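Data block below; observations after.
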There are 2 protein chains.
Amino acid sequence: MNKDLKDKIYILDTTLRDGAQKADISFSVDDKIRLAEKFDDIGIDYIEVGFPASNPKEMEVFEKLKGKKFEYSKIVAFGMTRYKNVKVEDDSNIKQLIESGADAVCIVGKSSELQVLKVIETTLENNLDMIATSIKYLKKYFPEVMFDAEHFFDGFYENPDYAIETLKVALEAGADYLCLCDTNGGMLPHNVIEILDRVNKKIRATIGVHFHNDSGCAVANSIIAVTRGIKMVHGTINGYGERCGNADLCQVIPNLELKLNKKCLKEGNLQHITSLSRFVSETANQIANPGQPFVGRNAFTHKGGMHVSGVSKLSTAFEHVPPEAVGNTRQILISELSGKKSVILRAKEFGINLEDDLEKVSEILNRVQNLEHKGYQFEAADGSFELLVREVTGTKKKFFKLESFRVLDEKKEDGRMLSEATVKVQINGDRIIETAEGNGPVNALDKALRKAILSRYPVLSKITLTDFKVRVLDEKKGTAAVVRVLIESSDGVKSWGTIGVSENIIEASWEALEDSIIYGLMNVGENTGENTGENTGENKDSGNKNSG
Amino acid sequence: MNKDLKDKIYILDTTLRDGAQKADISFSVDDKIRLAEKFDDIGIDYIEVGFPASNPKEMEVFEKLKGKKFEYSKIVAFGMTRYKNVKVEDDSNIKQLIESGADAVCIVGKSSELQVLKVIETTLENNLDMIATSIKYLKKYFPEVMFDAEHFFDGFYENPDYAIETLKVALEAGADYLCLCDTNGGMLPHNVIEILDRVNKKIRATIGVHFHNDSGCAVANSIIAVTRGIKMVHGTINGYGERCGNADLCQVIPNLELKLNKKCLKEGNLQHITSLSRFVSETANQIANPGQPFVGRNAFTHKGGMHVSGVSKLSTAFEHVPPEAVGNTRQILISELSGKKSVILRAKEFGINLEDDLEKVSEILNRVQNLEHKGYQFEAADGSFELLVREVTGTKKKFFKLESFRVLDEKKEDGRMLSEATVKVQINGDRIIETAEGNGPVNALDKALRKAILSRYPVLSKITLTDFKVRVLDEKKGTAAVVRVLIESSDGVKSWGTIGVSENIIEASWEALEDSIIYGLMNVGENTGENTGENTGENKDSGNKNSG
């Protein structure tokens, strides 16, 4: 038990408050409730939900939370010390904190002489009084009050005695945690070591840290602070926050738990952090960073040939932690630099054993290299790679045969833009002709193809295109350059990437689209018996409904 | 001079080698040459261009570089120590290094006992011999040989004596730099301090570090290493690299120069690092991270009301470094003043004085903000920005009026792909209809438009499209997402960028194309008298040569 507390690091998640300061994030009230519930599930100690005085929506979140009982987490309301000329009991921001019904409050005050004199424009003495009176007053209402020492690190370099004085005043007034903030985010690890070592000599308290990432060191600074004895870390999921963001808890927590043997989350929950990260990025409508340490899609992805052969011999050889510890997975990519071993490993993932057929492996590698020379890139196109392997090994199924297609884009006299596509395909000898409109040529083509084959392969309705990327290769050739199209598709559970390359963007898009659909039909409908290509149905030749 | 050397930190950029290991990056030979030229411009000490033995494309880069003389940078070829059972003079990888014609070589060898025994599968003694013989041999051909001590940090924790022994052997064989690699990227700053302090006691050499970012600490580790006396840092622009990437030089270099007073780039070039970062992300077709420290679009963007008022009182209050030091800009959301000033400045550049017409300036700003909200981006589209200003100020000329256009893309039964466009335009009341084929819909449209108007505006023949870029915004909407097209055009002397945004890629392309041509006609033909829109000519209504 004693050992338990010794290794405990308290986590305060401020995704819902500081994280929401990111330029393009805006959480609804319901988003905040749903996210707070997730943070409770994984076992975050403190959830800083918002700043009640900042706008009415914030207060609404606290109102809704009053009805809920969280199993693990404590709800924290954020506020400021009293205004410089107002008595604490009359301060509206303090009143709203009290009304919030939160389990604890965190109030921010200035620890920098420069900030007090030039930004707040008050005296150093009054600033100390603002801190003391606010904390003392709030302690009557809340069992736990945290003091956020804003600009503490910068302030310490300006005037260390005054910075320490703000902490002492807060501690004497009853603050339970003193949280040292690097508000401008400019600190480097050696600054943090120096300052914390000096603070530790001057004051005995439960100290926390709150780092912004402007120097790119927020994660490192949080960790180094723990090695200097601090007990609480503030941060956000995925590092969201103003400017360059806050310390990313998805990186801080795994480092602390797996490498420093600290306890941060509720026991046994670290393996859920990858899924939490993705849930939060979905809710915040942010594109996930594939290279995000620990939880990113590529965090355990191996590309180089040398590395791949290393990983197959000894996985710790090229992985700093086991991916399953954080709920992530290992991925092996195919690329120009990689060799036979990675082809064999990848094929095994989708159930094809090539170990005893090195001739086929060579043929696959040759094809990949030729295609990559033309601009293909199979790293992001696992679906197209599987189809290539299946073609070489004779296990690819044909669901339809394209006869021809035609896409018409028109800019009308009235300025309207129209795109319309017609596809002609054959299924088991039947010709099917369908036409559809879309809000662009590729969208029209996608719709026409689906219209043509859906009745034969109803499982297609489960498959959606989730991502569409276009890259112009050799851009200097202007509009005559080669174009690479990447499509990502999903059936709601599994997702796959496919690729097309051509001088003609429509042809490249078709190629990626066709691969996406074939891959989907082969893998999604596996248990439905609908992907044998043997279904019959009436001839759907509906003619070309529109003329160009 | 002595002081100069004391503060010098040598930078090795491995964007073109290790950076290219990022899952979705694939540089062409020309990309690599163009990037190397940029690295020379900004003054990177060493550019690691590639691994000649890995594939023929890599050797092609070295062949092309043989003809170039770089002003500042040295070209480095990357390779491995000799293969375990091969004599160094017979090793094909070593031979190719020698043939590369590089200024220096960097060869990787193992410093971890575990890796030697389990991955390379040779004896500890032979591994030392592989390092020694390879370096000694290469020193006959190259003035500078670097030793990349792979898995040094992990290896040090397994067996410190052996790890140090590999360094000593390399040093005695003549290595000029010993580069300690955190190959798995799992080190934390306190590990780096501990290990470097122990290394420094055992060996005196010029030491470098090479960090991967799997623990999220690559930047911090590089910086803390410099505080422990190392003299070289390896990294990549924007932190590109396998898995979670390498140390981001766009963060490491500003931290070292601005905060530790070190010299990294050629004097006076730090202010170009933001533009370099953006050039590299465009070339690599990577979405730039707006929150990237120092160089990201939002790195100095202030959103919170408190912060904005703070910044306006005292900019250092909320900024760790001045944005102009790294060539970035402060952005204050909602603030108008800074925006107005830059509109006036930019309009002056093309000869429009707006100082006394603040109403027009506001209208321009409003339009820009609305358009940027829809996905436009005028930074790379100076041509479209000028046309917008000319529209508001009534100085835009009309050269032709589009009536309608139509593009047909067909995939024929025999597999051939055909694109054909018809445009209908009016010039001085005359209708002109022209059709052309192209190797894609946009190319066909470009050709048809030129065919329609060239005889009226012969100066058009001087204008070529030099660059064409497509970016899918909001990629998650699949083929129905909004698309941004950027076109760069040139008359051989001046070049200009134009932009179009639409859900329909054809419409977006048309918009950028039309702006490109109009801008060109306004600016290129200035002295020819051909851009007045008053020319007459016979009615070129040639009918629609093809039917859809």
Side-chain angles (χ1 to χ4, degrees), chain A residues 23 118-119 184 186 188-190 214-217 219-220 223-224 227 244-245 251 255 291 293 298-299 303-304 310 313-314 317 320 336-337 377 379-380 404-413 417 439-440 442-443 446 465 467-472 475 478-480 503-507 548, chain B residues 21 23-24 26 54-55 118-119 184 186 188-190 214-217 219-220 223-224 227 242 244-245 251 255 285 291 293 298-299 304 310 313-314 317 320 404-413 417 439-440 442-443 446 465 467-470 472 475 478-480 503-507 548:
Chain A
K118 296 290 167 87
V119 178
N184 295 0
L188 299 175
H190 62 281
D214 298 69
S215 58
C217 294
V219 168
I223 292 162
I224 207 102
T227 70
C244 311
Q251 301 176 49
N255 273 316
N298 292 340
K303 183 179 179 187
K313 283 179 187 161
L314 182 69
H320 67 132
E336 287 174 279
L337 301 181
Q377 209 191 14
E379 287 91 342
S404 63
F405 68 72
R406 182 166 74 216
V407 189
L408 180 71
D409 306 291
E410 275 189 284
K411 179 89 169 177
K412 306 271 196 185
E413 281 86 348
M417 188 76 206
N439 46 18
V442 184
N443 187 238
D446 180 27
L465 306 189
D467 199 348
F468 178 69
K469 276 203 175 85
V470 178
R471 154 120 215 226
V472 179
E475 292 163 338
T479 56
E503 269 191 345
N504 192 314
I505 191 173
I506 305 298
E507 188 172 42
Chain B
Q21 294 288 312
D24 54 353
S26 149
S54 68
N55 76 52
K118 296 291 168 89
V119 179
N184 295 359
L188 299 175
H190 61 282
D214 298 70
S215 58
C217 294
V219 168
I223 293 161
I224 207 104
T227 71
E242 193 170 26
C244 310
Q251 301 177 49
N255 272 317
N285 198 30
N298 292 340
K313 282 177 188 163
L314 182 68
H320 67 134
S404 64
F405 68 71
R406 183 167 73 217
V407 189
L408 180 70
D409 306 291
E410 274 190 283
K411 178 88 170 177
K412 306 271 196 188
E413 281 87 347
M417 188 75 206
N439 46 17
V442 184
N443 186 239
D446 180 30
L465 306 189
D467 199 347
F468 178 69
K469 277 202 175 86
V470 178
V472 179
E475 292 164 340
T479 56
E503 269 191 345
N504 192 315
I505 191 172
I506 306 297
E507 188 173 41

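The shown structure was predicted, so the numbers you read here are calculated from the model rather than taken from an experiment. Every chain is numbered from 1 and lettered A, B, ... according to where its sequence line falls, protein lines coming before strand lines.
- Looking at heavy atoms from C-beta onward, B:V407 lies out of side-chain contact with B:V442 at the 4.5 angstrom threshold.
- Ranked by heavy-atom pairs under 4.5 Å with chain A, the list B:M417, B:Q251, B:H190 is led by B:M417.
- Once rounded to the nearest 0.5 Å, the distance linking CZ of B:F468 with CD1 of A:I505 reads 6.5 Å.
- Each of A:P189, A:C244, A:S404 has some count of heavy-atom pairs under 4.5 Å with chain B, and the biggest count is that of A:C244.
- Note: A:N255 leads A:V219, A:I223, A:N255 in heavy-atom pairs under 4.5 Å with chain B.
- Counting heavy-atom pairs closer than 4.5 Å to chain A, the top-ranked of the candidates B:C217, B:G291, B:S215 is B:S215.
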Would you sort out whether B:N443 and A:N504 count as a side-chain contact (heavy atoms from CB on, under 4.5 Å), showing the intermediate values?
CA-CA 9 Å; B:N443 186 239; A:N504 192 314; over 6 Å; no
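- Put simply, CD on B:E410 and CD on A:E507 are 13.0 Å apart, with the number rounded to the nearest 0.5 Å.
- With a threshold of 4.5 angstrom between heavy atoms, B:T227 approaches chain A through side-chain atoms but not through N, CA, C or O.
- B:A299 approaches A:D214 most closely through the heavy-atom pair O-OD2, 3.9 Å.
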